[in-house]
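See below for the structure under consideration.
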Amino acid sequence: MVNFPQVLDKAYDPKAVEDRIYKLWEESGAFIADAKSDKESFTVSMPPPNATGQLHLGHSVMLALEDIFIRFNRMKGKEALWLPGTDHAAIATNSIMERKLAEEGLTKHDVGRDEFLKRVRNFVEDSKKTMRGQIRKMGASCDWSREKYTMDPSLSRCVNEVFKRMYDDGLIYRGHRIVSWDPKMQTTVADDEVEHVEKAEPYWTFQYGPFQISTSRPETKFGDKYVVVHPDDPRYKKFKHGDQFECEWINGKITATVIKDAEIIDMEQGTGCMTVTPWHDKADFDLAERHELEKEQVIDFDGKLLPIAGDLAGMHIDEARPKVLEILEAKGLLIETDENNIHNVSVNYRGKGILEPQIMEQWFIDVNKEVVDWKNKKMSLKGIMQDVVKSGDIKIIPERFDKTYFHWIDNLRDWCVSRQIWWGHRIPVWYKGKGEEEREVYVGINPPEGNGWTQDSDTLDTWFSSGLWTWSTLIDPEVAKDSSLSLEDLLKNSPDFQKFHPTQVLETAYDILFFWVARMILMTTYATGQIPFDTVYLHGLVRTRDGRKMSKSDPETCIDPLEIIPKYGADALRLSMIVGQMPGNDFQLYEEKIGGYRNFVNKLWNASRFVQMKCEDEGVDPHTVAGSGSGSENLSLADRALQSSLDTLIADVTKGLDEYRLSEVGEKLYSFIWDYFCDWYLELSKEETNINMLVGTLRTFLVLLHPYCPFVTEELWEHFKFEKSEGMLIAQPWPVHSDPKKQDKDAERDFQIIIDVITSIRSIRADQGVEPGLKLKAIVHTKKHQKLLESQQEHIERLARLSELTIDSSPTKHENAASTFLKDIEVHIPLEGVIDFDKERGKLGKEKEKLESFAKAIESKLNNKKFVDNAPEEVVETEKDKLKNAQNKLNKIEERLKTLK
RNA sequence: GGACAGCUAGCUCAGUUGGUUAGAGCGUUCGGUUCACAUCCGAAAGGUCACAGGUUCGAUUCCUGUGCUGUCCACCA
């Protein structure tokens with residue numbers, strides 16, 4: 001008595017399967033990588049999501065892609081490590097906490113630094129818990145035993161180590177620079193975190209002594225005592241550089257100086273002259289540095305005016321602007337008001353607070369100093385960043401981002417790494433004594449001995465720590481506790497680092513190429529002497545159906561993965577985000593699309609159900625079926641063709657995944673199972689069943705599809721796996737494709753001919769509105785094809801749903817027949833009095849025309865001496881074959897056209 | 001202002017060294033369907049491959065230019 005496994009339900013229900021399967025995977029230990037393994041390693045560092053709560057679809061894309069990389073390589077026999085984690089997200093988290101405090105009517109100063117940080121830590125712990133659950137829902141096979149967090153002690157240790165080393169190497173310095181200050185969040189913002197938004201603001205022109213100057217920000221002009229013109233400007237020829245004059249200004253008379261500068265001034269624009277505000281404008285600051293001008297602060301760090309503003313001191317700049325205008329207008333200095341002016345305002349990309357340039361003392365990383373050892377040369381950080389991509393050590397997919405990357409580096413300036421917020425890695429610098437010049441400075445991993453030291457109150461830019469992510473996460477936490485070890489020792493004594501670094505692929509959205517990817521390259525090459533990853537795979541942004549960015553604030557269009565997964569299944573969601581999506585391109589996601597892939601998953605499910613029923617009919621337990629490859633003696637044409645197609649599929653999928661062409665591979669898998677296996681092979685199996693082929697092919701396919709659809713394939717594997725195979729599907733070896741035998745390869749082509757014949761018959765019948773039951777005639781021109789069609793006649797009839805079919809190798813005239821041409825076959829359906837001659841003639845005429853021009857083109861190519869002499873012989877032969885084929889076909893068409901006359 | 005991309009079916013996009021009839025999914029229309037699956041099957045319609053030149057026997061593909069769209073960077077007294 002055969003013991004059948006539990007029969008599959010009529011439809012696949014992901015809800016009943018996914019959580020159970022994930023648990024089984026986790027318990028099986030399949031996710032856990034072994035640093036002691038002899039196998040080649042394959043490592044992916046999961047880009048750490050911000051520890052601020054819910055994951056969104058962008059994270060789902062990332063998880064789906066990376067899970068495919070990892071599962072594929074794990075099955076291929078690599079020691080695969082996918083390391084998950086979270087980022088403390090300094091500014092983002094800090095501002096969320098400040099908002100939470102504000103809801104209680106508190107500020108951070110009310111609760112103090114310690115209490116503030118305690119609250120943030122609790123909040124982050126909660127968020128991490130939620131996110132872990134969400135990552136599991138996507139089926140991500142990451143190694144939870146190695147989960148990391150950017151604020152873990154071992155990671156913080158790395159941050160301090162790198163800071164100190166950079167400081168000792170002279171790459172980190174402290175200096176007064178103009179920075180973008182966010183008065184709202186009370187912190188500096190890095191250059192690339194600044195966003196420009198258009199804003200309509202009036203543009204005023206004022207009389208300034210003998211000059212007319214224009215501005216949209218009169219409230220900053222209190223301290224302006226220089227006027228700049230172009231040295232070549234004829235309008236201002238009578239003024240010399242350094243000339244002084246007295247004039248009436250906002251708070252009375254001032255003495256102003258004329259400066260001539262060619263760099264900053266565009267003669268074409270406006271009046272060709274301007275006043276300078278060095279403290280609150282980057283270009284003015286540079287000018288002031290060049291000419292050693294005095295700099296004076298006008299606006300304080302809360303956005304209020306300083307005593308220089310006289311009566312208006314203490315007033316917020318927004319309120320001050322109309323007052324300043326009133327004053328100037330009253331003095332008769334306002335010349336013109338342009339209400340239609342639109343200009344760009346700088347805002348913080350987090351929080352969107354308007355930024356105010358300020359001169360501040362900050363910590364910077366020098367990107368131009370050539371002191372770093374790299375490939376036996378002294379190079380700058382910038383130079384290394386360029387070199388690793390230029391030399392091909394790091395490959396970016398898609399390639400076009402290379403150019404963007406280089407362009408960005410060319411314009412890169414020193415990186416300001418200090419932030420004036422509380423949440424983050426505190427700068428490992430301590431001071432003793434008073435005064436910026438006289439105090440002692442200590443830079444180290446731990447606080448210095450002795451009393452009287454106070455730590456720098458600033459924290460580091462988030463990207464400083466995430467720049468270390470690929471390797472700081474691989475440092476052994478126990479080893480990191482030993483404070484006597486150097487950075488080199490830490491790396492040397494961490495088995496994970498030795499085994500799993502550099503990582504293989506870094507996959508992320510293209511919008512953080514600069515923020516993060518470039519910083520990782522910078523920090524990792526500097527600190528470890530290794531590149532962080534071999535390949536950068538950039539995915540696009542998820543958009544709504546009408547192309548808008550999905551945002552949480554718009555629940556109408558925003559798709560929540562946690563709502564979609566129970567409804568359609570994680571497998572369907574994964575497919576919908578990968579098939580049809582090219583790297584680096586944004587893509588639109590909507591429910592119907594996900595529904596389409598749910599149908600695909602269900603199709604596979606039902607095909608499996610069919611196979612199961614066939615097994616039952618034959619009285620065999622699928623688990624005992626040895627599978628294809630065994631007992632190949634009695635293979636039909638279709639069987640051989642299937643075998644060959646499957647081999648081709650294995651080869652294509654393997655190569656495609658090795659080359660990160662995920663969309664293309666997804667399409668191949670989709671079309672193999674649906675368009676080929678189900679539509680043709682299973683239909684034939686209804687008459688003549690080869691259980692070995694059915695079960696064997698299904699099994700191999702489950703392995704191939706597993707990286708894309710881990711849940712449904714794992715569930716089906718349980719029902720179809722060979723009794724002798726051990727473990728779950730996740731741990732199965734990747735199939736090796738045997739080079740298809742010649743006879744199988746031929747079978748694949750022959751079977752394709754049959755498919756073509758049947759498709760043509762269907763098409764003619766539909767075209768001419770033929771009732772089923774009419775007699776069909778296929779005219780073949782070679783004995784080989786005649787034999788083929790005759791031997792498969794039953795199949796053809798069945799599949800074509802025709803009652804009669806005759807094969808004729810002697811071309812006869814069929815006046816009343818619709819026809820179609822295949823390679824060496826002509827399919828006719830005799831249709832007394834039904835056929836539309838004009839239509840038929842038109843069709844043939846068109847085809848004839850195209851063939852003629854094609855033949856002509858090849859002929860002239862073959863007549864072209866240059867081509868014949870230079871091209872390889874095979875190419876010339878192919879061209880000759882092509883020509884012969886075309887001419888044969890032309891003859892057939894001519895003949896057919898004659899019969900229609 | 002600079003750079004990068006895109007423009008192919010109603011929509012979303014493929015198109016791998018220039019070559020026979022430019023593809024897929026969705027959508028539309030028509031037809032079918034007890035027998036794995038209506039989460040199904042079959043078929044059809046629908047394209048001057050943005051435009052103009054050039055190279056070539058032949059260009060969606062290569063080159064130049066133009067237009068439109070998008071993104072990034074820089075700047076705006």
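Below, read A as the first sequence line, B as the second, and so on, with proteins coming before strands; counting in each chain starts at 1. Excluded from the calculations below are hydrogen atoms, water molecules and symmetry mates; all remaining heavy atoms, backbone and side chain alike, are included.
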With A:Lys593 as the cation and A:Tyr590 as the aromatic partner, state whether NZ or CZ is under 6.0 Å from the six-membered ring centre and within 45° of the axis. yes
Within this structure, what is the CZ-to-P distance between A:Phe401 and B:G6, rounded to whole angstrom? 11 Å
Could you tell me the separation between the CG atom of A:Leu684 and the P atom of B:A36, rounded to a whole number of Å? 14 Å
Separation of A:Leu541 atom CG from B:G70 atom C1', in whole Å? 13 Å
When both distances are under 3.5 Å in a Watson-Crick or G-U wobble arrangement, the nucleotide paired with B:G53 is B:C63
How far does the C1' atom of B:U16 sit from the matching atom of B:G31, given to the nearest Å? 38 Å
Can you check the distance between B:U48 and B:A22, where both ends of the measurement are the C1' atom (answer in whole Å)? 13 Å
Starting at the 5' end of RNA chain B and moving along, which residue's nearest nucleotide shows up first, A:Ile265 or A:Lys10? A:Lys10
C1' atoms of B:A3 and B:U21, separation to the nearest Å: 40 Å
Which distance, rounded to the nearest 0.5 Å, do you find between the CD1 of A:Ile594 and the CD1 of A:Ile564? 4.0 Å
Using the P atoms only, state how far B:U55 lies from B:C7, rounded to an integer number of Å. 26 Å
Could you state the atom-to-atom distance from OH of A:Tyr510 to C1' of B:U71 in whole Å? 7 Å
To the nearest 0.5 Å, how far apart are CD in A:Glu688 and CG in A:Leu684? 8.5 Å
To the nearest Å, give me how far apart CH2 (A:Trp408) and C1' (B:C72) are. 13 Å
Quick one: list whatever passes ring-ring contact (aromatic ring centres under 6.0 Å, His included) with A:Phe610, sequence neighbours left out. none
Can you check side chain to side chain donor-acceptor pair (under 3.5 Å) on A:Tyr510 and A:Asp586, steps first, answer last? CA-CA 10 Å; A:Tyr510 66 79; A:Asp586 292 354; 2.8 Å; yes
Using the P atom as the point on both nucleotides, what is the distance between B:C13 and B:U17, in whole Å? 23 Å
Residue set satisfying ring-ring contact (aromatic ring centres under 6.0 Å, His included) with A:Tyr708, at least two apart, ordered chain then number -> none
Return the polar atom pairs (N/O with N/O) between nucleotides 7-18 of chain B and the protein under 3.5 Å, or none.
| residue | atom | partner | partner atom | Å |
| --- | --- | --- | --- | --- |
| B:U12 | O3' | A:Gln588 | OE1 | 3.3 |
| B:A14 | OP1 | A:Asn585 | ND2 | 2.9 |

By nearest nucleotide on RNA chain B, pick out whichever of A:Ile213 and A:Cys678 is the more 5' one. A:Cys678
Quick check: do A:Leu662 and A:Leu657 have side-chain heavy atoms less than 4.5 Å from each other? yes
Tell which nucleotide pairs with B:G47, taking only Watson-Crick or G-U wobble pairs whose two distances are both under 3.5 angstrom. none
Check: A:Tyr676 and A:Ile755 side chains under 4.5 Å, non-hydrogen atoms: yes
Whole-Å gap separating C1' (B:A3) and OH (A:Tyr405): 17 Å
From OH of A:Tyr597 across to P of B:A24 the rounded distance in Å is 14 Å
With heavy atoms under 4.0 Å as the rule, sort A:Glu683 into base, sugar-phosphate or nothing. base
Sticking with atom C1', work out how far B:U61 lies from B:U56, rounded to a whole angstrom. 13 Å
If the P atom of B:U39 is compared with that of B:A44, how far apart are they to the nearest Å? 24 Å
Searching all strands shown, indicate the nucleotide that pairs with B:A36 (Watson-Crick or G-U wobble; both distances under 3.5 Å). none
So which nucleotide from B:C37, B:C76, B:C72 ends up closest to the side chain of A:Phe514? B:C72
Any chance you could measure A:Ser576, atom OG, to A:Arg598, atom CZ, to the nearest 0.5 Å? 11.5 Å
Just N and O in the side chain of A:Lys403: are any of them under 4.0 Å from OP1 or OP2 of B:A5? yes
In whole Å, measure the gap between the P atoms of B:A50 and B:U28 for me. 27 Å
Return the value, rounded to whole Å, for the distance between atom CD of A:Glu687 and atom P of B:C35. 17 Å
Counterpart residues, ring-ring contact (aromatic ring centres under 6.0 Å, His included), relative to A:Phe600 (two or more places apart): A:Tyr670
A:Tyr405: which residues meet the ring-ring contact (aromatic ring centres under 6.0 Å, His included) condition with it, sequence neighbours left out? none
Return the pairing partner of B:A22 with a 3.5 Å limit on both distances, Watson-Crick or G-U wobble; otherwise return none. none
Between the protein and nucleotides 39-45 of chain B, list every N/O to N/O distance that falls short of 3.5 Å.
| residue | atom | partner | partner atom | Å |
| --- | --- | --- | --- | --- |
| B:U39 | O4' | A:Asn599 | OD1 | 3.1 |
| B:U39 | O2' | A:Asn602 | ND2 | 3.3 |
| B:U39 | O2 | A:Asn602 | ND2 | 3.0 |
| B:C40 | O3' | A:Lys603 | NZ | 3.3 |
| B:C41 | OP1 | A:Lys603 | NZ | 3.1 |
| B:C41 | OP1 | A:Trp674 | NE1 | 2.4 |
| B:G42 | OP1 | A:Asp679 | OD2 | 3.3 |
| B:A44 | OP1 | A:Ser763 | OG | 3.3 |

If we call it a pair only when both distances are under 3.5 Å in a Watson-Crick or G-U wobble match, what pairs with B:A3? B:U71
